[in-house]
Amino acid sequence: MVTPAMPLPQPGPAVRRGTSKAVPVVVSAGLGVGVFFGLVLGIGGGTSAPAGAPPVAAVTIDAGVPDAAPAVAAVVVDAAPPPVVIDAAVPDAGPPPVPVATLTFEVVPAGADIRLTVDGEAVDGTTSQLELPDGKRTVRVVGRASGYRTFDKKITVRGDQVVDVRLVKRRASSGGDDGPGLMDPGLIDL
């Protein structure tokens with residue numbers, strides 16, 4: 001008995017096996033977008049953009065390949081910078097500090113027991129601190145010691161300075177009182 005022959009397979013359309021050419025494009029785009037957002041969110045410190053940064057919008061890109069997932073890219077949108085806000089509730093820092101100068105008195109003769117005053121206030125020791133509200137100040141320095149003429153001088157203070165207080169012995173005939181005739185002739189009594 002003869003058996004009919006089996007029909008031979010007919011060649012049909014070729015079936016492509018393997019990876020589509022669109023896959024590397026889609027994977028590259030996805031990887032690029034992932035790195036970009038990873039950097040923006042990772043380095044930026046969170047989901048908020050840094051102050052003054054332009055806003056970013058997501059855009060979908062169609063690769064033109066059927067059955068391929070669309071890629072997403074970020075595009076910087078040009079926008080005006082955010083407005084500057086001035087907080088009016090900031091407390092006033094107050095007036096600037098007033099500069100202070102130190103007067104150091106050098107008394108001649110050194111052993112004299114002197115009582116010094118600056119603008120009528122007693123000086124404790126050989127230094128005095130003065131406020132200089134206008135950057136300078138004129139003061140009256142008076143020094144008194146037993147057996148010596150009164151030292152009386154006006155000086156303008158602009159900063160730290162040394163004041164020479166030179167005491168002159170009284171004349172024996174003065175009777176112990178510094179009269180107007182016994183003052184230093186170079187000084188003017190105001």
Given 3.5 Å as the limit, does a donor-acceptor pair link the side chain of D119 with the main chain of V139, or not?
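No; zero donor-acceptor contacts below 3.5 Å.
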Taking the side chain from R137 and the backbone from L132, do they hold a donor-acceptor pair closer than 3.5 Å?
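Looks like no, no N/O pair under 3.5 Å.
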Search all heavy atoms of A112 against all heavy atoms of L167 and return the closest pair with its distance.
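Scanning both residues, the minimum pair turns out to be CB-CD1, 3.7 Å.
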For V157 and A101, work out which heavy atoms get closest and say how close.
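For V157 and A101, the tightest heavy-atom pair comes out as CG1-CB, 3.9 Å.
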Is there a side-chain contact (heavy atoms from CB on, under 4.5 Å) between R144 and V142 once you walk through the steps?
CA-CA 7 Å; R144 292 192 166 102; V142 176; 4.0 Å; yes
Taking the side chain as C-beta and beyond, is there a heavy-atom pair between [X] and [Y] under 4.5 Å?
X: I155; Y: K153; value: yes
X: V163; Y: E106; value: no
X: I114; Y: V165; value: yes
X: Y148; Y: K169; value: yes
X: T127; Y: F105; value: no

Sort and list the pairs that fulfil side chain to side chain donor-acceptor pair (under 3.5 Å) and have at least one residue in residues 158-167, not counting sequence neighbours.
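Applying side chain to side chain donor-acceptor pair (under 3.5 Å) to every pair that reaches into residues 158-167, excluding sequence neighbours, yields nothing.
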If you look only at pairs with a residue in residues 95-104, which of them pass as a side chain to side chain donor-acceptor pair (under 3.5 Å), with sequence neighbours excluded?
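Non-adjacent pairs meeting side chain to side chain donor-acceptor pair (under 3.5 Å): T102-Q129.
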Quick check for you: to the nearest 0.5 Å, what is the distance between D152 atom CG and K154 atom NZ?
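Between D152 CG and K154 NZ, I get 8.5 Å after rounding to 0.5 Å.
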State yes or no: do V118 and V100 share one hydrophobic cluster built from I, L, V, M, F, W and Y residues joined by side-chain heavy-atom distances below 4.5 Å, directly or via other members?
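They do not share one cluster, since no chain of ILVMFWY contacts under 4.5 Å joins V118 to V100.
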